[in-house]
Amino acid sequence: MDIYNESGYAIARLRIEESDNNYNYIVWCTETKECAVIDPIDPITILNFIRDNGLMVKYVINTHCHPDHISGNDPILKVSLSLRSKALVHPLGEELIGTRYGTVNDGDVISVGKQEIKVIHTPGHCPEHISLILGNNVFVGDTLLLSGCGNTRHRGVVEDLYQSVSKLRELPDHYRMFVGHDYAEANLKFALDIEPENEDAKKKLDEIEKAVSQNKEAPPTTIGEEKKYNPFMRYDAKEVVGELKKRNPELETADSGSVFKELRELRNEWTY
Ligand SMILES: [Zn+2]
């Protein structure tokens, strides 16, 4: 687990063992101790953390309703003392979660203590997907991953995912990106398969491999860093476009959306 202390709020990032390398997050107002839990899969670890730090759950926020992002909702809401606490999801995910929930839309602001979390609708990985902005941090769920993006196998639409990634790419470079899963190693190897000369991807892969060998967590990256090596944010970089056209001459006159789609298809089939 790692904790990021900021002015007025803090973020705990928990990497969950025995999961698909899921990350769970707890964000809280350091003044009021009110917290929100994002995408819980391991309620016991989360509830222990909440108790040990004297926090009160106001919301569980689900970036989307895939089972591995909502399965911890009910146990957390059941033991949280406040009746006001509930899960928040985008309306398109309403039918997929249990009781005690509310809905949030693009542009809404969620108050947690004195802190405000802004909602952006980022469909594509699935229709109800939202991303969350708190200070200079963005919680992207499975829309983006370190050097990758989510797949579209379960209710996804690749054209929407392209639009959402494009939207997130417009965020300030210094925004720290908190992702739903750690697939960093495989994703960086894929990036290097597309762009073998990308020095930033090589450097990042070295950093990640070193952290893994020392049993340490790699810190979250930033939007600016990702733009240097994440192929799904480089759909208009000449190196990426050139390589894809080489592989598939039919892409000769392709727009960025088609390049993105081709990248997603290549990644679906790629193994290392
Ligand atoms: Zn998912």
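Below, each value reflects all heavy atoms present in this structure, side chains not excepted, and no hydrogens, waters or symmetry copies. Just follow the structure's listing: the first ligand is 1, and inside any ligand the first atom is 1.
- Look at R234 and E195 and you find a salt bridge, because one of the NZ, NE, NH1 or NH2 atoms lies within 4.0 Å of a carboxylate O, short of that distance.
- For the pair R13 and D182, the salt-bridge criterion is not met [side-chain N within less than 4.0 Å of a carboxylate O].
- Among residues at least two apart or in separate chains, salt bridge (charged side-chain N to carboxylate O under 4.0 Å, His left out) pairs with a member in residues 137-165 are E128-R155, E159-K261.
- Through direct or relayed side-chain contacts under 4.5 Å between Ile, Leu, Val, Met, Phe, Trp and Tyr, I97 connects to I70, V89, Y101.
- The backbone N or O of E252 lies less than 3.5 Å from a partner atom in the side chain of K245, making a donor-acceptor pair.
- Ordered by chain and number, H64 NE2, H66 ND1, H125 NE2, D142 OD2 make up the set of protein N, O or S atoms under 2.8 Å of the Zn ion (ligand 1).
- L188 forms part of a hydrophobic cluster together with L146, L192, L205, I208, V212, Y229, judged by ILVMFWY side-chain heavy-atom separations under 4.5 Å.
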